[in-house]
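What follows is a short report on a single structure.
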2 protein chains.
Amino acid sequence: MSNVTIHDVAKHAGVSATTVSRVMNNRGYISEEMRKKVHASMEALNYSPNQMARSLFKKETKFIGLIIPTTANPFFGELAFHIEHELVNQGYKLLVCNSIDREDNEIEYLKMLQENRVDGIIVGSHNIGIEEYDKISIKMVSVERKIHEDIPTIQSDNYYGGKLAAEVLVEEGCKNILCISGDPKVDTPANNRLVAYLDYMKELGYPTHKAYIPFNLSAEEKLEKVQALHIKEQGYDGVLAGDDVMASIVLNHLTKEGLNVPEDVKVVGFDGTETVRTLLPHLTTIEQDIKQLAKESVTTILKKIKDEPIDELKVVPVKLHKGTTA
Amino acid sequence: MSNVTIHDVAKHAGVSATTVSRVMNNRGYISEEMRKKVHASMEALNYSPNQMARSLFKKETKFIGLIIPTTANPFFGELAFHIEHELVNQGYKLLVCNSIDREDNEIEYLKMLQENRVDGIIVGSHNIGIEEYDKISIKMVSVERKIHEDIPTIQSDNYYGGKLAAEVLVEEGCKNILCISGDPKVDTPANNRLVAYLDYMKELGYPTHKAYIPFNLSAEEKLEKVQALHIKEQGYDGVLAGDDVMASIVLNHLTKEGLNVPEDVKVVGFDGTETVRTLLPHLTTIEQDIKQLAKESVTTILKKIKDEPIDELKVVPVKLHKGTTA
């Protein structure tokens with residue numbers, strides 16, 4: 001840590017510490033000459049104001065915590081980027097916490113963020129409800145995750161997205177569609193994608209087939225689960241994948257099985273991140289507006305910090321990205 | 001911020017603040033009964049020690065700043081994940097700064113990190129050398145980037161990686177290979193990939209063709225640049241791409257041009273992130289050991305903070321991931 005204090009600056013400039021403080025905070029009358037003198041001394045000593053001391057005094061840290069499963073996942077990597085970008089524009093800093101979807105990690109992070117007196121927490125982690133959230137007095141919002149009645153939620157229109165995905169498969173002629181979702185014990189708004197699929201199949205009188213593959217498994221483990229679904233033997237003609245990573249695992253599996261996409265089986269993903277749209281432009285997917293999710297999350301947490309009125313629920317529209325896989 | 005102080009705990013427990021402090025810091029003799037009483041009061045009041053106050057007193061914050069272009073890129077998203085994971089195991093917290101490869105952002109972040117008295121900074125950003133780095137007294141390491149003589153560097157074996165990539169293309173029969181690199185003005189160790197390619201082509205007496213496409217362009221802009229390379233018309237039979245995202249843009253472009261991979265043109269990428277290996281398992285690429293890069297970066301910055309001896313340069317091995325594109 002830098003050892004230059006406001007007192008060193010005052011001594012160097014030959015003024016009082018109060019004067020330096022006034023210059024720094026633009027408070028009270030200060031002559032232009034005095035201002036220049038103080039700034040010259042700050043420059044000469046390479047003085048950097050101590051925000052930690054300021055935080056203690058002001059009882060605000062301008063720190064926001066973000067708990068997500070991992071920045072290594074394209075969706076959360078992009079979400080973290082956009083959230084940090086929005087925050088820095090508002091003078092806030094981001095503490096990133098990768099929970100790897102583990103409840104014990106999430107509890108540890110909540111404790112750490114509380115001890116570091118963050119002004120707010122944005123939670124985008126996929127763990128099951130934790131009573132620890134009840135104990136925390138810090139302002140919070142959740143993104144793509146319902147945590148608690150008192151915590152506002154920012155989410156994509158998952159129901160509509162699920163319906164769009166099912167619709168495109170049906171329009172392309174599928175009649176025997178498999179829907180792969182994440183861990184059903186995790187109460188996430190993403191579960192509404194499955195609900196929409198079930199509703200739509202029922203409406204059409206089509207059979208329903210659902211499979212659960214947890215989000216937090218490794219790519220290898222997910223592939224094993226996909227193999228165990230016996231897509232070929234079961235004669236599924238369409239797959240609605242939980243997210244684009246899952247869709248790509250299904251696509252690669254189908255190719256190995258000698259099945260043609262979209263001729264034999266059609267596949268729709270979910271998320272539509274920039275990375276996936278660049279790497280797999282041919283993947284038909286439901287595109288989430290990650291930038292908007294980030295923007296709404298930041299707007300809401302900052303309003304909550306300022307005790308301004310907020311919406312308890314913000315739903316961000318999704319859209320279909322039509323590729324060639326369905 | 002929580003308003004419960006050590007004094008509130010003391011009052012609730014009917015002891016002195018000094019006693020509470022002793023219990024918290026495990027200092028001096030405290031009876032088991034007293035310890036239980038204090039802990040019960042801390043629990044009852046939901047007391048959380050203020051790390052900000054502790055930081056001021058101890059002159060260490062346990063904060064580490066990480067400046068990278070963006071967590072939205074698979075390589076940096078995974079690097080940020082592993083760095084955060086290593087840091088949290090050592091009791092440190094990560095402030096993520098996405099510079100989007102802009103020098104002005106990088107300068108602003110350095111100022112912010114200094115004002116927040118981070119204990120150290122890991123720099124993985126791709127900007128051109130900034131004199132601001134000279135002014136900063138905070139301990140730093142750079143990862144995949146040479147910033148300054150005094151700042152230790154952790155990097156992949158880019159020269160060997162570049163050679164491996166060129167070798168696999170030559171082994172597969174390529175004789176007219178194009179090498180796409182990032183902005184040559186950015187002095188990054190990744191430039192050694194190009195050097196290795198040039199050396200190897202010279203050794204074989206093969207022609208060399210190089211193109212520069214900056215890392216910080218959007219996917220659309222990169223595609224335009226790739227189109228302008230006229231791969232088909234120039235008769236290139238191999239492409240050594242700067243990274244996997246670039247490789248995937250080249251692959252998609254070649255498909256649109258009606259060229260077959262690997263029959264007409266062979267392609268090798270660089271990075272081999274988990275995301276890319278999952279989404280494009282058929283991509284032949286040079287795999288960086290991102291976990292090891294993160295580990296060495298964290299080990300080095302923590303040693304530097306403790307004034308322990310360190311290596312000025314750590315080179316992490318890379319390996320070939322053989323797919324079907326080359």
Side-chain angles (χ1 to χ4, degrees), chain A residues 1-3 46 48-56 59-61 63 66 70-74 76-78 80-82 84-85 88 93-98 100 105 108-109 111-112 114-117 119 135 137-138 218-219 222 244-245 248-249 252 273-282, chain B residues 1-3 46 48-56 59-61 63 66 70-74 76-78 80-82 84-85 88 93-98 100 105 108-109 111-112 114-117 119 135 137-138 218-219 222 244-245 248-249 252 273-282:
Chain A
M1 283 170 70
S2 165
N3 291 320
N46 195 19
S48 159
N50 187 338
Q51 293 296 348
M52 305 301 265
R54 194 180 159 282
S55 296
L56 269 178
K59 299 224 180 271
E60 63 170 15
T61 57
F63 281 120
L66 173 68
T70 166
T71 53
N73 170 276
F76 290 106
E78 287 182 24
F81 166 72
H82 288 295
E84 198 267 335
H85 187 68
V88 84
K93 297 143 285 185
L94 186 69
L95 279 166
V96 164
C97 307
N98 293 292
I100 334 177
N105 289 339
E108 276 304 308
Y109 277 126
K111 195 171 152 242
M112 180 278 277
Q114 194 174 23
E115 290 184 0
N116 284 281
R117 303 294 191 262
D119 294 338
K135 292 194 209 157
S137 56
I138 301 169
S218 70
K222 284 179 182 171
D244 292 338
V245 172
S248 78
I249 292 170
N252 294 324
T273 58
E274 265 192 64
T275 295
V276 170
R277 278 182 288 129
T278 304
L279 268 59
L280 300 176
H282 57 288
Chain B
M1 284 170 72
S2 164
N3 290 319
N46 195 21
S48 159
N50 188 338
Q51 293 296 350
M52 305 300 266
R54 193 181 159 280
S55 296
L56 270 178
K59 301 226 179 268
E60 63 170 16
T61 56
F63 281 119
L66 173 68
T70 166
T71 54
N73 171 276
F76 290 106
E78 287 182 23
F81 166 72
H82 288 296
E84 198 267 336
H85 187 68
V88 83
K93 297 142 283 184
L94 185 70
L95 278 168
V96 164
C97 307
N98 293 292
I100 331 178
N105 288 340
E108 276 304 308
Y109 277 125
K111 195 171 153 240
M112 180 279 278
Q114 194 175 22
E115 290 184 0
N116 284 282
R117 302 294 191 263
D119 294 338
K135 293 193 208 159
S137 56
I138 302 168
S218 71
K222 284 179 182 170
D244 292 337
V245 173
S248 78
I249 292 171
N252 293 324
T273 57
E274 264 192 64
T275 295
V276 170
R277 279 182 288 128
T278 304
L279 267 58
L280 300 176
H282 57 287

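Note on naming: letters A, B, ... go to the chains in the order of the sequence lines (proteins, then strands), and numbering restarts at 1 for each one.
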| message | My understanding is that only one of B:N105, B:I100, B:N98 makes a side-chain contact (heavy atoms from CB on, under 4.5 Å) with A:H85; could you say which? | response | B:I100
| task | Verify whether the ring centers belonging to A:F76 and B:F81 lie closer than 6.0 Å. | result | no
| query | Do the non-hydrogen side-chain atoms of B:E274 and A:T70 ever get within less than 4.5 Å of each other? | reply | no
| task | Select one option (side chain, backbone, both, neither) describing which atoms of B:V276 are under 4.5 Å from chain A's heavy atoms. | result | both
| Top of B:A80, B:A219, B:P49 for chain A proximity - count of heavy-atom pairs under 4.5 angstrom | B:P49
| said: Quick check: closest heavy atoms across B:K93 and A:N116, and the distance to 0.1 Å? | reply: NZ-OD1, 3.0 Å
| Is chain A contacted by the side chain of B:I138, its backbone, both, or neither, given a heavy-atom distance below 4.5 Å? | neither
| B:T273, B:V96, B:I249, B:T275: which one forms the most heavy-atom pairs within less than 4.5 Å of chain A? | B:V96
| remark: Ranking A:L94, A:V245, A:D244 by heavy-atom pairs under 4.5 Å to chain B gives rank one to A:L94
| field | B:L95 and A:L95, any side-chain heavy atoms less than 4.5 Å apart | value | yes
| query | Can you name the closest pair of heavy atoms from B:L279 and A:N252 and give their distance? | reply | O-ND2, 3.9 Å
| field | For the student: nearest non-hydrogen atoms of B:T278 and A:S248, plus distance | value | O-OG, 3.7 Å
| field | Contacting region of B:E115 [heavy-atom separation from chain A under 4.5 Å] | value | both
| Which atoms form the tightest heavy-atom contact between A:E78 and B:A72, and what is the distance? | CG-CB, 3.5 Å
| field | Heavy-atom closest pair, residues B:G77 and A:T71 | value | O-OG1, 2.7 Å
